[in-house]
Structure formats: C-alpha cells, structure tokens
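A quick write-up on the structure given underneath.
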Amino acid sequence: MEKIGVGYASVTDIEKKYVMDALENERLSQGKYVAEFEKKFSLAHGKKYGIMCNSGTTALHLALETLKEVDHWDSDTEVLVPAITFIATSNACLHAGLKVKFVDVEPDTYNMDPMEIEKHITKNTKCIIPVHTFGMPCNMDQIMEISKKYGLRVIEDCAEAHFAKINGTSVGSFGDISAFSTYVAHTITTGVGGVVCTNDRNCMEILRSLVAHGRACTCERCVASDGENVCPKRMQSDIDRRFSFVRLGFSYRVGEIEGALGLAQLDRKDEIMGKRRANAEYLIKGLERYEEFIQLPRHPEHIEHTYMMFPLVVKRGNHMDTKDFVRYLESHNIETRPMLPLLNQPIYQKIFGDMEKEFPVAEYIDHHGFYIGCHHGLETRHLDYIIQVIAGYIDKQFNV
Ligand SMILES: Cc1ncc(COP(=O)(O)O)c(C=O)c1O
C-alpha cells in the first residue's frame, strides 16, 4: 500500500480557475478575493467580520493583542489554555507578553475540561482559549457560563474545527474573537494562512490595523488600496492615512492567491467535509470491535464533528504498548502523529519546569495518544487497509 498520510490538500479546476483569474487581474496584494473570502468565511462561523492573516498563530496573536489593547491587560494577565493543544495556542500568549495557565482536558474529547477551569482562575485571569481539537467542539455552554461568571474574555481556537457545530451553532460564534488556521491539512486550506473573526466593530478595526503595521485607516478602500476607489479621509491630515501608523502593528497579511484558494475551497466545503465525515464514520464502524483497546472519536448527537484528524488513544490496563503499536502502523505505511503533547515539550519544560504530573489526563494522552488521517483523499481501499492493519496488530497480540 502507498503511504497513507495524515494530511491532504486537493487542488481542483475551481482553485486553478480562481487563482488564474487573480493572476490575470495582475493583483497580488489584498483585493476582491481576500475580501470575499473574509466575508463568506466569517459569516459561516456566525461572525460579522473576518480578517485574513498569514497563519493560525498570527490569528491568535492578533486576537490577544486586540483584547490586550481594548481591556488594558498588563504583563501579569493570565490566559487559560488547554493542556493538550498544538503549541501555537500557548506560544501566541507568550508572544503577546501574557502568562499562560494550563487547564487539564477531558479524557474522551481531548478538549479543555470545564470542570477544571475554575480552580485556575485568579484575580489576574482575563481570558480563556478553548481549542476545538481535531474538529470536536468544546463544551461551549459551560465555558461561556464560567466566562460570564468571572467576566473573562473568550478567544476560540478553531484552527482544527472549521464549520464544526454544537446544536446547529457553529464553533467560532461563541467567543469574543475566533481564530482559524488554513494551513494545508486543515479542512479549508489556502496553503498557509489564517482568519480571525469577531462581531465587535472596534475589535475588527484594531485587528485590521494590527495585521497591516498598525495603520490608521482600516476602511475597505484603504485596505484594498486599489488606486481608483480612494478613501475620502485619506488626505485629510498631513500624512496619507494609509501610511499613518497609530499602534505597534505587524506584517501579517496575505494576498489574492491565498484569497482565491480560500474562496475555491469554500465552494467545495460540503464535498470536502462530507468525505472526511464518511471516512471517519467508516473507520469507527470498522474498528468498534477493538474499543476495549483503543478509544475512538465518539461524539453525541447534537455535535457535528468535522474530523480534521482521526485521534486514537490506547486505553489503560490492557498492556498494549503504544510505542510498539505506532511503530507497527508506521512500518505498514500508515502515518501517525503524536496527539499534541504540550507540557513535555523541551521548550516548555525549560520555561515552566516539570508540570505533567499536575495534569493527569493530559499526561496520559501525551504518552498514549496519536492520530492518523481520515482526509478526503482517502478511498475505501485505504480505510479497509487501515482497519485490517490495526485489527491484525490487536488480534495477534491479544487473540481477539
Ligand atoms: C489548535 C491549533 N492552533 C493553532 C495552530 C496554528 O496554525 P498555523 O500553523 O497556521 O500557524 C494550529 C496548527 O495546526 C492548531 O492546530
């Protein structure tokens, strides 16, 4: 069998057509494609405003810098982050000069455990970042209730969960700001990229300013700066408002090629998500007789999981050796990745010291969790092969 990778990006005639059009328009910097993608993507996630940027990490950084400015956060400000997530979530807090406090996760969803949040709240806590891991939404009802009780901001990290829903409501629509990655292997991809969404006009203006060096005017005409449709305010003061900088900003923008790719992928989102969901369901069905040994990604009826990946955790107490199992899958051309271990990363051990023991659920997942792909590039023959290889390993070891 050829290698079965965890990620996949398919480029069809739609992507090619939009990108060619962008190139033929001879516009590489931000223009109509970026603007349209921002509008469609944010509306699909229940937010009025969307700002494209160059990664999911910069989307998080922009969100934090914006709330820091609006709420006057100082360097003692603490942000709650799950103890299992891709390192970018907590890195963004550190880059924004804020303190990270970890919260243990639920053993079945791998998401921040709402029951664990309150014990980490101090007078300096100002924000929670729930991460919807691998396409599985967090328990937002409880998280929003806690945030209201303590007056905390919520930034949803939706990097891995585009379009996932809770009772029909999309992730990204619950918090003050939501951040998305569109890096390859994410549900909607622009190659590299990210989007940050909000309903708050003031936050939107700060986000737009921060993404472009801290520029003064963030109106559509200045952002697009197309030379013809000029902003009337542009020359009102001594300096052209596009080149007047009012805060310490960043250069986190993308251009029309990313916008065109994003828009094409949005046109195909039902096809992409439908295939991923069908693939995940096929794997679950094929592997359910091994649930005594491995935990499968199950979810309740009211959840729409988008399966960015297919997570597996080797269950306690059955003497199955995770490392040996992973090596076996790799040797059979099934790519695996560790399930987002964070606390034991060398750089975090250096910054925070040894802390795994304080987060027993995350600690277990760090050592027994991994994921494989269930992406839209996989056909039934690949899925049957994955099931057959996993079954072969467990059957041989345990005489199932
Ligand atoms: C949960 C989470 N947050 C943030 C990011 C960062 O996104 P990017 O790689 O686009 O910076 C990722 C990337 O995969 C992620 O999984």
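We count ligands from 1, going down the list as the structure has it; atoms in each ligand are counted the same way. Just so it is clear, the model here is predicted, and its values are computed rather than measured. When reading the values below, keep in mind they use all heavy atoms of this one structure, side chains included, and skip hydrogens, waters and symmetry mates.
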Practice task
Report yes or no: does His132 have a heavy atom closer than 4.0 Å to ligand 1?
Solution key: no

Exercise for the section: Verify the neighbour count for atom CD of Glu288: are there more than 12 heavy atoms of other residues, nucleotides or ligands below 6.0 Å? Expected result: yes

Exercise for the section: May I have all residue pairs that pass side-chain hydrogen bond (donor to acceptor under 3.5 Å, both in side chains) and include part of residues 187-200, sequence neighbours excluded? Expected result: Thr182-Thr190

Practice task
Step through the shown structure and confirm whether more than 12 heavy atoms of other residues, nucleotides or ligands are within 6.0 Å of CD on Glu335.
Solution key: yes

Practice task
Answer yes or no: is there an ion pair linking Lys119 with Asp104, defined by an N-O contact shorter than 4.0 Å?
Solution key: no

Handout entry: Lys101 atom NZ, over 12 foreign heavy atoms within 6.0 Å
Key = no

Practice task
Report the relative orientation of the aromatic rings in Phe102 and Phe352; use parallel for angles under 30°, tilted for 30 to 60°, perpendicular for over 60°.
Solution key: perpendicular

Problem - Which segment of Thr85 sits under 4.0 Å of ligand 1 when only heavy atoms are counted - result: side chain

Exercise for the section: Considering the heavy atoms of Val131, write down every atom of ligand 1 situated less than 4.0 Å from one of them. Expected result: 1 (C)

Practice task
For atom 13 (C) of ligand 1, grab the closest protein heavy atom and report residue, atom and distance to one decimal in Å.
Solution key: Phe86 CD2, 3.5 Å

Handout entry: Which residue and heavy atom of the protein sit nearest atom 3 (N) of ligand 1, plus the separation
Key = Asp157 OD2, 2.8 Å

Fill in the blank from the handout: of all protein heavy atoms, closest to atom 11 (O) of ligand 1 is Thr57 OG1, 2.5 Å

Practice task
Please could you name the atoms of ligand 1 that Thr89 approaches to less than 4.0 Å, counting only its heavy atoms?
Solution key: 3 (N)

Practice task
Could you tell me whether some N/O pair between His186 and ligand 1 is separated by less than 3.5 angstrom?
Solution key: yes

Completion exercise
Closest to atom 2 (C) of ligand 1 among protein heavy atoms sits Ala159 CB, 3.4 Å

Fill in the blank from the handout: for atom 8 (P) of ligand 1, nearest protein heavy atom and its distance come out as Gly56 N, 3.4 Å

Practice task
Using ring pair (Phe, Tyr, Trp, His ring centres under 6.0 Å) as the criterion, point out the one residue from His132, His162, His299 that pairs with His305.
Solution key: His299

Practice task
With heavy atoms only and a cut-off of under 4.0 Å, state how Ser55 meets ligand 1: side chain, backbone, both or neither.
Solution key: both

Exercise for the section: Among all protein heavy atoms, pick the one closest to atom 9 (O) of ligand 1 and tell me residue, atom and distance. Expected result: Ser181 OG, 4.2 Å

Completion exercise
Residue, atom and distance of the protein heavy atom nearest atom 16 (O) of ligand 1 read Glu160 OE2, 2.6 Å

Handout entry: Whether over 12 other heavy atoms sit under 6.0 Å from Tyr183 OH
Key = no

Exercise for the section: Considering the heavy atoms of Ala88, write down every atom of ligand 1 situated less than 4.0 Å from one of them. Expected result: 4 (C), 5 (C), 6 (C)

Exercise for the section: Write out all pairs satisfying salt bridge (charged side-chain N to carboxylate O under 4.0 Å, His left out) with one or both partners inside residues 367-386, taking only residues at least two apart or from two chains. Expected result: Glu2-Arg381, Lys275-Glu379

